[in-house]
Structure formats: structure tokens, C-alpha cells
Amino acid sequence: VRAFLGAEAPKEYVRRMSEHDDTGITPELWQRIVDLGWTGLLVPESSGGLGLGIVDAVVVQEEMGRAVFPGPYFSSAIVATLAARAFGLDERLAALAAGTERGTVALDEAGHGDPIERTRVRATGRGSRHKLDGVKPLVMDGGSADWVLVPARTRDGLQTFLLEGAGSQAQPEPSIDITRKFAR
């Protein structure tokens with residue numbers, strides 16, 4: 001991992017991506033990472049991944065941290081993959097492993113303490129149509145994600161909603177207004 005990042009993402013690349021590219025990675029380098037199987041480390045083999053574990057993912061993340069590697073790897077291949085597995089979104093896992101979709105999670109809100117307890121975003125609606133109302137001040141790689149998992153309060157308690165086409169709704173500011181209707 002270290003040798004690959006040193007060769008494919010030297011300091012000049014990292015600087016250029018972090019300063020001039022909202023995605024943080026070129027499509028060509030993302031494809032090389034996909035080809036190495038890194039996006040499928042945590043995806044079960046039955047869903048097209050490598051079916052390895054968190055230790056393997058930590059090794060890749062450690063080297064990416066050492067290289068100050070930008071891009072959506074952590075938000076998509078780690079956080080969104082673990083969340084998709086936890087919520088049983090098996091149909092998303094193959095696309096995450098193949099790198100054809102990128103996901104993320106919009107968990108954090110203003111304040112301190114337990115992020116679940118301080119969730120203030122509200123969801124109103126019935127059945128499969130809801131409207132989210134609130135602000136998630138920081139959504140990792142929200143501008144380039146194909147979908148976002150968004151926890152929100154409903155009259156029945158806390159639920160998590162799948163917001164598709166999220167990247168097209170992102171603003172250049174560091175926050176995303178998630179007010180819109182969508183299918184759960």
C-alpha cells in the first residue's frame with residue numbers, strides 16, 4: 001500500500017487534489033484502487049468484495065493517513081460500507097466494492113456528546129416518502145457521494161434514510177442542506 005501510494009500519489013498529486021479538486025481523486029486513480037480490491041475489503045465475497053476484515057482496512061487507512069491521501073476512500077469503502085452492512089443494504093455493497101457507487105453517512109450535527117442523542121434533523125411523511133428538515137454541518141465527501149445515509153427523528157423515533165443522488169445536491173460550502181423529498 002505504501003509503495004503504491006508513493007508511486008501513484010506523490011506529494012504534488014496530494015496537494016493538487018486537495019487544493020483544486022472537490023472529489024480529491026482522479027477517476028483513473030480511483031479505478032486503480034478498485035482494481036487492487038481496496039474498495040471491497042469489507043464487502044463479503046458473496047456481494048463481490050474480498051470479504052476481509054477491519055484489520056486489513058486499517059492497514060490501508062494507516063498508509064493513506066501517512067500519505068495524507070485525499071479522496072472518498074474512508075467515507076465510502078469504510079464508513080458507508082460498514083453502515084450498509086449494518087442496515088442490510090446488500091444491493092449497495094456490490095456497487096461499493098466495484099467502485100461504481102460511492103456512499104457516505106451524514107451523522108454529525110452541531111453540539112457535543114453522543115452524536116445519536118444530538119440528532120435534530122426531522123423526517124416527516126408516510127410510507128416510503130419523507131421530507132427531511134435540518135442541517136448536517138459536515139458530511140464526509142458529501143459532494144461526490146452517490147448516496148448518503150441520514151439518521152433523522154420521526155414521530156416513531158430515530159430512523160435512517162437513504163438519500164440518493166446526494167452529490168448533485170451538495171453545495172460548495174462545508175455543509176449540505178438535506179431538505180428534500182425522497183424514497184426511503
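Side-chain N or O atoms of Glu109 include one that pairs as donor or acceptor with a backbone N or O of Arg120 at under 3.5 Å.
Considering only heavy atoms from C-beta on, Asp133 stays 4.5 Å or farther from Thr124 through its side chain. A heavy-atom distance below 4.5 Å is found between the side chains of Pro44 and Arg85. Leu29 has its side chain within reach of Tyr13: a pair of non-hydrogen atoms, C-beta onward, lies under 4.5 Å apart. With contacts defined as side-chain heavy-atom distances shorter than 4.5 Å, the pair Leu96/Trp147 qualifies. The shortest side-chain heavy-atom distance between Leu107 and Pro151 falls under the 4.5 Å cut-off. Contact of the Tyr73 side chain with the Gln61 side chain is registered, since non-hydrogen atoms from C-beta on lie closer than 4.5 Å. Residues Ile25 and Pro70 have side chains not in contact (no heavy-atom distance under 4.5 Å, counting atoms from C-beta outward).
A distance of 7.5 Å separates CD in Glu62 from CZ in Arg2, rounded to the nearest 0.5 Å. Here OG of Ser47 is found 13.0 Å from CZ of Arg92. Values are rounded to the nearest 0.5 Å. Here Thr26 contributes atom OG1 and Arg16 contributes atom CZ; the two are 7.5 Å apart, rounded to the nearest 0.5 Å. With rounding to the nearest 0.5 angstrom, the CE atom of Met64 is 4.5 Å from the CD1 atom of Ile33. Atoms OG1 and CZ, on Thr160 and Phe87 in that order, are 3.5 Å from each other to the nearest 0.5 Å. Rounded to the nearest 0.5 Å, atoms OG1 (Thr81) and CG (Leu89) are 11.0 Å apart.
Ring orientation note: the planes of Trp38 and Phe4 are nearly perpendicular, at an angle over 60° on the 30°/60° scale.
The two atoms that bring Leu132 and Ala123 nearest to each other are CD2-CB, 3.5 Å, heavy atoms only. Nearest heavy atoms, Ala110 versus Arg118: O-CD, 3.5 Å. Between Asp21 and Thr23, the closest heavy-atom pair is OD1-N, 2.7 Å. A pairwise comparison of heavy atoms in Ala152 and Thr119 identifies CA-CG2, 4.1 Å as the closest pair. The shortest heavy-atom contact between Leu158 and Arg153 is CB-NH1, 3.8 Å. Nearest heavy-atom pair, Ala145 versus Gly103, reported as atom, atom and distance to 0.1 Å: CB-C, 4.3 Å.
Atom CZ of Arg15 has 12 or fewer neighbouring heavy atoms from other residues, nucleotides or ligands inside a 6.0 Å radius.
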- Query: Step by step, would you call Phe69 with Phe74 a side chain to side chain contact (heavy atoms under 4.5 Å, CB included)?
  - Reply: CA-CA 10 Å; Phe69 189 75; Phe74 179 70; over 6 Å; no
- Message: Run the side chain to side chain contact (heavy atoms under 4.5 Å, CB included) test on Arg102 and Asp141 for me, step by step, so that the C-alpha distance in whole Å, both residues' side-chain angles and the decisive distance to 0.1 Å come before the verdict.
- Response: CA-CA 9 Å; Arg102 294 182 190 146; Asp141 301 304; over 6 Å; no
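Residues Ile54 and Val1 share a hydrophobic cluster, clusters being chains of Ile/Leu/Val/Met/Phe/Trp/Tyr side chains in contact below 4.5 Å. Clustering ILVMFWY residues whenever any of their side-chain heavy atoms sit less than 4.5 angstrom apart, transitively, puts Ile78 in a cluster other than the one holding Val59.
Results of the side chain to side chain contact (heavy atoms under 4.5 Å, CB included) test with Leu149 over Leu162, Leu163, Val79 single out Leu162 as the only residue that passes.
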